[in-house]
*Asks:* 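Structure below; questions to follow.
For clarity, every value in this text was computed on a predicted model and none was experimentally measured. Order of appearance sets the numbers: ligands from 1, and atoms from 1 within every ligand.
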Amino acid sequence: MAQYRADPSPLKVDLGVGVFRDLSGNTPVLACVRRAEQAVLAQQTTKSYVAAAGREEFNSAVEQLVLGSAHAARRDGRARTVQTPGGCGALRVGAELIRAAARATTVHVSDPTWGNHVPLLGSSGLALESYPYYDSASHRLLFDAMLERLERAAPGDVVLVHGCCHNPSGADLDMAQWRALSQLLTRRRLVPFLDLAYQGFGEDLEADAAGVRLVAEQAPEALIAVSFSKNLGLYRERVGALIAIGENPSRADAISSHVLQIARSIYSMPPDHGAAIAAHVLTDAALRSGWIEELDGMRSRIFAMRALLAQALRSKSGGDGFDFIGTQRGMFSLLGVSPQVVDRLRDRHHVFMLQDSRINLAGIMPHNADYVAAAIAGELG
Ligand SMILES: Cc1ncc(COP(=O)(O)O)c(C=O)c1O
């Protein structure tokens with residue numbers, strides 16, 4: 001980010017940043033958020049402390065959004081939801097919970113995974129191992145290798161799975177693969193830790209949660225980290241939740257009281273403002289339908305830019321080697337080029353991306369797609 005800011009070239013393109021951008025290059029405040037925020041401010045009568053669990057109406061709306069209204073874990077009273085400071089807060093509290101439950105637990109994360117997973121989970125003292133997930137050279141999921149590796153994990157180990165819009169690869173499991181994974185996790189007594197940070201960015205709110213719902217229905221116990229940074233654009237307000245599913249209601253209560261104890265010991269209570277806004281949007285019918293429209297708009301823009309860049313790369317490179325960009329999901333894809341090519345794209349063409357060649361499609365605009373494609377094709381050619 002610093003290098004991008006320091007580059008004086010008018011040609012520069014930022015594909016490195018991790019946030020959504022509209023066609024003007026802004027990360028907008030959603031209209032539904034503005035309206036909810038005004039209502040929150042008008043209704044607020046105190047700034048007194050909230051509980052460690054945060055807002056009750058937020059927690060129940062999130063649980064319903066993520067699990068759906070008819071989910072077995074909710075029906076059986078086995079789900080407990082706690083508001084957290086963003087998805088990162090949920091991941092960190094979840095990691096502390098796992099460590100408190102069994103000190104020697106290993107958490108298995110996908111190779112590749114979001115860079116912050118390692119410090120967020122590892123700093124609690126848990127051992128991390130990776131399972132094969134995606135080959136960035138051939139642009140393919142390594143599903144068989146993933147299952148084969150997890151088959152050898154020790155019972156009680158935790159498996160972190162991206163709920164949708166895998167970061168950084170953009171490659172998601174289909175429902176048949178979710179079913180196979182879910183069966184393996186249950187049969188091998190592995191504990192799923194599902195990270196849902198992009199619900200609504202892949203297909204829609206329901207479809208994007210389908211894999212998470214399935215796993216959370218079959219596994220006796222599961223954790224789900226939820227983030228509203230991207231889908232409500234609430235990044236700096238730090239809005240997230242940890243959903244814990246226990247084997248039975250009394251175990252769910254025990255897990256929940258443990259989670260609250262951990263939250264108190266780290267940050268005492270979550271920030272209120274963003275969660276008050278999110279709760280308003282989720283529970284007010286008009287705001288919620290406005291949100292769904294805005295979410296559709298963000299998703300369509302990313303898909304349009306995927307198609308545009310894939311097409312431009314096809315024409316500049318004269319081959320179909322980058323068609324995968326057009327079909328992957330969420331904001332990110334891995335170009336699958338070497339760090340040397342990443343450096344040359346930056347130094348010679350002012351095109352910035354992460355060192356592993358992760359690009360954010362929300363950095364592509366109609367006016368820069370051809371330029372970016374020509375730079376990539378030129379460096380590879
Ligand atoms: C895979 C993944 N998980 C979790 C998060 C958590 O985000 P936040 O803490 O901003 O809610 C992100 C954000 O980029 C992410 O990409």
*Asks:* Which word best sums up how the rings of H139 and F322 line up, parallel for under 30°, tilted for 30 to 60°, or perpendicular for over 60°?
*Replies:*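 Tilted: the ring planes of H139 and F322 meet at 30° to 60°.
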
*Asks:* Would R238 count as being in polar contact with ligand 1, using the rule that some N or O on each side must be under 3.5 angstrom apart?
*Replies:*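 Between R238 and ligand 1 (N or O atoms, distance only) the closest approach is under 3.5 Å.
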
*Asks:* Between F228 and ligand 1, find which residue part has any heavy-atom pair under 4.0 Å and reply side chain, backbone, both or neither.
*Replies:*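 Neither; no heavy atom under 4.0 Å.
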
*Asks:* Below 4.0 angstrom from a heavy atom of S227, which ligand 1 atoms are there? Numbered from 1 as shown, please.
*Replies:*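 Listed by number with element, the hits are 7 (O), 8 (P), 11 (O).
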
*Asks:* What heavy-atom pair brings G363 and R301 nearest, and what distance separates the two atoms?
*Replies:*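 It is N-NH2, 4.5 Å.
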
*Asks:* Residues in ring-ring contact (aromatic ring centres under 6.0 Å, His included) with F352, at least two apart?
*Replies:*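 ring-ring contact (aromatic ring centres under 6.0 Å, His included) list for F352, sorted by chain: Y4.
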
*Asks:* Counting from 1, what ligand 1 atoms have a heavy atom of N167 closer than 4.0 Å?
*Replies:*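 Reading through ligand 1 atom by atom, the close ones are 16 (O).
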
*Asks:* As an exercise, identify every atom of ligand 1 less than 4.0 angstrom from a heavy atom of G86.
*Replies:*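 Every atom of ligand 1 under 4.0 Å from some heavy atom of G86: 9 (O), 11 (O).
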
*Asks:* Select one of side chain, backbone, both or neither to describe which atoms of C88 lie under 4.0 Å from any atom of ligand 1, heavy atoms only.
*Replies:*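 For C88, backbone and side-chain atoms both sit under 4.0 Å from ligand 1.
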
*Asks:* Taking the six-membered ring of F332, is the NZ or CZ of R358 close enough (under 6.0 Å from the centre) and on axis enough (within 45°)?
*Replies:*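 Yes; both conditions hold, so R358 lies above the ring face of F332.
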
*Asks:* State whether R152 and E129 are salt-bridged, where the test is any N-O pair (Lys NZ or Arg NE/NH1/NH2 against Asp/Glu carboxylate O) under 4.0 Å.
*Replies:*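 Result for this pair is no, no salt bridge flagged.
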
*Asks:* Which of the atoms of ligand 1 are close to S229, meaning less than 4.0 Å from one of its heavy atoms?
*Replies:*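 By the 4.0 Å cutoff, the relevant atoms are 8 (P), 10 (O), 11 (O).
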
*Asks:* Quick check on contacts: which atoms of ligand 1 are under 4.0 angstrom from a heavy atom of K230?
*Replies:*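 Checking each atom against K230, I get 13 (C), 14 (O).
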
*Asks:* Mind checking whether H162 and Y133 have parallel, tilted or perpendicular rings, split at 30° and 60°?
*Replies:*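 Ring orientation of H162 relative to Y133: parallel.
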
*Asks:* List the closest protein heavy-atom neighbour of atom 1 (C) of ligand 1: residue, atom name, distance to the nearest 0.1 Å.
*Replies:*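 Answer, as residue, atom name and distance: D195 OD2, 3.4 Å.
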
*Asks:* Excluding sequence neighbours, so at least two apart, what forms ring-ring contact (aromatic ring centres under 6.0 Å, His included) with Y371?
*Replies:*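 Once residues adjacent in sequence are excluded, Y371 has no partner under the ring-ring contact (aromatic ring centres under 6.0 Å, His included) criterion.
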
*Asks:* Looking only at protein heavy atoms, identify the closest one to atom 16 (O) of ligand 1 and say how far it is in Å.
*Replies:*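 Closest protein heavy atom to atom 16 (O) of ligand 1: Y198 OH, 2.7 Å.
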
